[in-house]
Amino acid sequence: MKIRTRFAPSPTGFMHVGNLRTALYEYLVAKHEDGTFVLRIEDTDQERYVEGATDVIYDTLRIAGLIHDEGPDIGGDYGPYVQSERLSLYKPYAEELVKKGCAYYCFCTKERLEQLHESGAVGYDRHCRNLSEQEIADNLAKGMPYVIRQKMPVEGESTYNDLVYGDITVPYEDLDDQILLKADGFPTYNFANVIDDHTMGITHVVRGSEYLSSTPKYNALYSDFGWDIPTYIHLPLIMGKTVNEDGTETISKLSKRHGSTGFMDLINEGFLPEAIINYIALLGWAPSDNQEIFTLDELIKAFDIHGISKSPSVFDYDKLEWVNAEHIKRMTAEEFTAHAKPYYDKYNISEDKYILLDEILKPRITRFTQLDEKLGFLGSLADYAIELFEHKKSKSTIETSKAMLEDAIPLLENVDWDRDSITDALKKYAEEHEIKNSVIMWPVRIAAAGVAVTPGGCAEVLILLGREESLRRIRIGLNKLKEL
RNA sequence: GGCCCCAUGGUCAAGCGGUUAAGACGGCGCCCUCUCACGGCGCAAUCAGGGGUUCGAGUCCCCUUGGGGUCACCA
């Protein structure tokens, strides 16, 4: 049988990386076996409706590359794929359960339930579970608002198997009569979820481990209807770590206090979609070998449920940064340039410099947003401190710098303007004067760049600036030194 | 609090009865070097504690401790 998984987010306008990882695993579970990945929108909560929120879901999945085979926007044989459009479907199922004696009408008011909870009760007290036929008929005739509740077994226990966690057993006495159909006629998630998964032919239910203890309720529903229970794959949660004022650390479910947790937030900070996907794939799953950098296609091939771990994992921004850098390093020159182009344009960099920039920039950034800082010296010459010319390790001092710049000017005026020629000329000069290469390289680079740290060395900086601008800056540097 | 789940370095983790307990991030050191990176080499750092089972336990069982989840007319 072909595997069918589903991603069923509710449109909140925000895609948490935890949700995205769930979507990713659902996608991988299906695609590893050449199965079908379905998108279903769970919008049964009318009070939480957010305008444009479904677009965030579509955009995220598209950018992340998790392309669904069926969904609200592309259709499929099991539609509609939006719960609010399936509304008429749920009530008959709920009523069928009532007829079977597996569910019942409940007329308790919200006020009564609130009081119940305030008095310390946990769950529902099953107040309406045994109303007489007559009472029910009367209440219904009076038009009293009602919900439909699931009639759970009261004793014994329920066991099911999860592919990650193994057998899970929960005593029935700990499971209450949950609401299936709300007073507004909408199904609860707990109910819609089961109906939809079954009617959509979902074979593997992949979700966060927070559902582990309520799954027996769903299983009771499946068996009440006489349906097959799907294969369960529960995922460990993604956590965040904060350091408290007293130096201790707190680990809790990843949230905004830990940093950016929304997919789009991460994108805006300069993380690549493929790097985010790569990193979150590794949070809670490990391949059978030691590979760490994956493309989505490689993940599809390598993914194996056996590699999913049971314990929660902490989101590590440092490692995400490293994964991002690795993806950048693996880019072709064309790909790198495409990402860097906006920054190049900002500094009016001509196309003939792209190859050089690819070479010197690629190993020096972990995110493209750092390009501004790396390229900054090209835009204008900073009013740098004269001490920049002093560098112990390079044996460069104010005095040597002055002499070097003086000699460098005529040399650079006549050398062929390419990397090798410039480097050779400077090295030859050093050799002839029996000094270290750095004694001349250092001051020339500093004078040209005006900053201590540059991507690339002396020759690269000169090439990027061009002969004219380079010489202009070196003369400025020389004057600075002479003024002392 | 009841119930469910989890437990290998700071973090992600391999391990599925016999290993010097992998690898990666981060940290530190060295090398390369005209700066910063990249790259190379190396170092420090883990089986929560206690009982069993076994010739042998990080691996199996129990307890303790710790962590997480869940107990809505949210999903």
Side-chain angles (χ1 to χ4, degrees), chain A residues 8-10 12 42-45 47-48 106 108-110 113 117 120 122-124 145-149 162 165-166 168-171 173-176 178-184 186-190 192-193 207-216 234 236-237 239 241 249 251-253 279 282-293 306-307 309-323 325 329 360-366 374 388 391 393-394 396 423 426-427 430 436-446 449 451-459 461:
Chain A
S10 58
T12 59
E42 309 232 333
D43 60 347
T44 52
D45 186 357
E47 291 173 17
R48 276 217 238 169
C106 168
C108 290
T109 60
K110 282 191 182 179
L113 296 177
H117 289 144
V122 174
Y124 178 59
Y146 67 90
V147 301
I148 292 180
R149 286 186 184 270
D162 178 89
Y165 289 89
I168 306 288
T169 300
V170 180
E173 62 177 335
D174 294 316
L175 302 170
D176 71 343
Q178 64 176 348
I179 291 174
L180 267 20
L181 206 69
K182 298 187 257 188
D184 62 5
F186 278 58
T188 58
Y189 161 82
N190 297 311
N193 175 263
R207 50 156 77 125
S209 65
E210 65 265 32
Y211 292 100
L212 227 31
S213 50
S214 53
T215 295
H234 285 94
L237 264 17
M239 315 298 286
K241 182 160 80 174
E249 292 173 336
I251 292 179
S252 56
K253 204 167 162 182
Y279 176 66
L282 261 22
L283 267 188
W285 173 79
S288 53
D289 56 13
N290 272 329
Q291 186 175 349
E292 299 220 74
I293 302 303
H306 177 76
S309 58
K310 300 178 184 180
S311 43
S313 39
V314 176
F315 193 94
D316 183 352
Y317 289 91
D318 283 336
K319 185 128 186 186
L320 204 215
E321 191 97 34
W322 174 77
V323 172
K329 282 182 205 136
I360 66 175
L361 254 18
K362 200 183 273 177
R364 277 173 243 262
I365 59 168
T366 54
K374 301 289 179 205
L388 238 44
H391 187 71
K393 200 163 145 271
S394 301
S396 179
T423 304
L426 291 173
K427 281 186 175 170
K436 285 183 68 174
N437 292 337
S438 57
V439 176
I440 183 161
M441 299 279 203
W442 180 274
V444 171
R445 189 179 62 86
I446 292 298
V451 293
V453 177
T454 57
C458 182
V461 168

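Each chain gets a letter, A, B and so on, in the order the sequences are listed, and its residues count up from 1.
Checked against B:G69, B:C73, B:C25, the side chain of A:Ala183 finds its nearest nucleotide in B:C73. Checking B:C34, B:C6, B:A37 against every side-chain atom of A:Met441, the shortest atom distance belongs to B:C34. Of all nucleotides listed (B:C5, B:U35, B:A75), B:U35 comes nearest to the side chain of A:Thr454. In this structure, of B:C73, B:C34, B:U70, it is B:C73 that holds the atom nearest to the side chain of A:Ile179. Candidate nucleotides B:C36, B:C34, B:A75 were compared by shortest atom distance to the side chain of A:Arg364, and B:C36 ranks first. Comparing B:C3, B:A75, B:C36 by their nearest atom to the side chain of A:Val170 picks out B:C3.
You'll find the side chain of A:Arg207 reaches within 4.5 Å of the side chain of A:Asn193, heavy atoms only. In this structure, A:Ser10 and A:Tyr189 have side chains that are not in contact, with every pair of non-hydrogen atoms separated by 4.5 Å or more. At a threshold of 4.5 Å between non-hydrogen side-chain atoms, the residues A:Thr215 and A:Ile168 do not count as touching. Under the 4.5 Å side-chain criterion, counting only non-hydrogen atoms from C-beta, A:Pro287 is in contact with A:Trp285. Side chains of A:Trp322 and A:Ile293 form a contact here, defined as non-hydrogen atoms less than 4.5 Å apart.
Taking atom CG of residue A:Leu237 and atom C1' of nucleotide B:U70, one finds them 11 Å apart after rounding to whole Å. Between A:His234 atom NE2 and B:U70 atom P the separation is 12 Å, expressed in whole Å. We find that CD of A:Glu173 is positioned 9 Å from C1' of B:C3, with the value rounded to whole Å. Distance, A:Leu175 CG to B:G2 P: 17 Å, rounded to whole Å. For the pair A:His391 NE2 and B:U35 P, the interatomic distance rounds to 6 Å; values are reported in whole Å. When rounded to the nearest whole Å, the span between NZ of A:Lys362 and P of B:C38 equals 15 Å. Distance CD1 (A:Ile360) to P (B:A37): 15 Å, rounded to an integer number of Å. Summarising the geometry, the separation between CG on A:Asn190 and P on B:U70 is reported as 13 Å, rounded to the nearest angstrom.
The distance from atom CE of A:Met239 to atom CG of A:Asp316, rounded to the nearest 0.5 Å, is 14.5 Å. With rounding to the nearest 0.5 Å, the separation of NE2 in A:His234 from CD in A:Glu210 is 8.0 Å.
With a cut-off of 3.5 Å on both pairing distances, the Watson-Crick or G-U wobble partner of B:C60 is B:G52. When both pairing distances are held under 3.5 Å, B:C3 makes a Watson-Crick or G-U pair with B:G69. B:G26 is unpaired under the Watson-Crick or G-U wobble criterion, no partner having all donor-acceptor distances under 3.5 Å. Taking a pair to require two hydrogen-bonding distances under 3.5 Å in either a Watson-Crick or a G-U wobble arrangement, B:U19 remains unpaired.
No hydrogens or angles were tested; on distance alone, a donor-acceptor pair under 3.5 Å links the side chain of A:Tyr211 to the base of B:A75.
When the side-chain nitrogen and oxygen atoms of A:Lys374 are compared with OP1 and OP2 of B:C36, none of them lie within a distance under 4.0 Å. OP1 or OP2 of B:C74 lies within a sub-4.0 Å distance of a side-chain N or O belonging to A:Lys182.
Along RNA chain B, the nucleotide nearest to A:Lys393 and the one nearest to A:Met239 differ in position, and the one closer to the 5' end is contacted by A:Lys393.
Nucleic acid contact for A:Gly123: sugar-phosphate only, since backbone atoms but no base atoms lie under 4.0 Å from a heavy atom of the residue. Among the protein residues, A:Asn193 comes within range of no part of the nucleic acid, since none of its heavy atoms lies under 4.0 Å from any strand. Within the 4.0 angstrom heavy-atom criterion, only backbone atoms of the sugar-phosphate kind lie near A:His117; the bases stay farther away.
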When every nucleotide of nucleotides 8-15 of chain B is labelled 5' to 3' by its protein contacts under 4.0 Å (heavy atoms), B for base, S for sugar-phosphate only, - for none, what sequence of letters results? --SSSSS-

Its contact letters, B for base, S for sugar-phosphate only and - for none at protein heavy atoms under 4.0 Å, make nucleotides 39-50 of chain B read S-----------

For A:Leu426 and A:Arg445, what are the C-alpha separation, side-chain angles and deciding distance, and is it a side chain to side chain contact (heavy atoms under 4.5 Å, CB included)? CA-CA 11 Å; A:Leu426 291 173; A:Arg445 189 179 62 86; over 6 Å; no

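A distance of about 7 Å separates the P atoms of B:U46 and B:G10, rounded to the whole Å. Separation of the C1' atoms belonging to B:G56 and B:U70 is 40 Å when rounded to the nearest angstrom. B:G18 and B:G26 have their P atoms separated by 33 Å, with the value rounded to a whole Å. For the P atom pair drawn from B:A24 and B:G39, the interatomic distance equals 12 Å after rounding to whole Å. Rounded to whole Å, the separation between the C1' atoms of B:U35 and B:G42 comes to 25 Å. B:G67 and B:G49 are spaced 15 Å apart, taking the C1' atom of each and rounding to whole Å. The gap from the C1' atom of B:C71 to that of B:C28 amounts to 48 Å, rounded to the nearest Å.
A donor-acceptor pair under 3.5 Å is formed between the side chain of A:Thr188 and the backbone N or O of A:Ile179. A:Gln178 contributes no side-chain N or O that, together with a main-chain N or O of A:Leu180, makes up a donor-acceptor pair within less than 3.5 Å.
Shown here is A:Lys436, whose NZ atom has more than 12 heavy atoms of other residues, nucleotides or ligands within 6.0 Å.
Below 30°, between 30° and 60°, or above 60°: for A:Phe315 and A:Tyr279 the angle between ring planes is above 60°, a perpendicular geometry.
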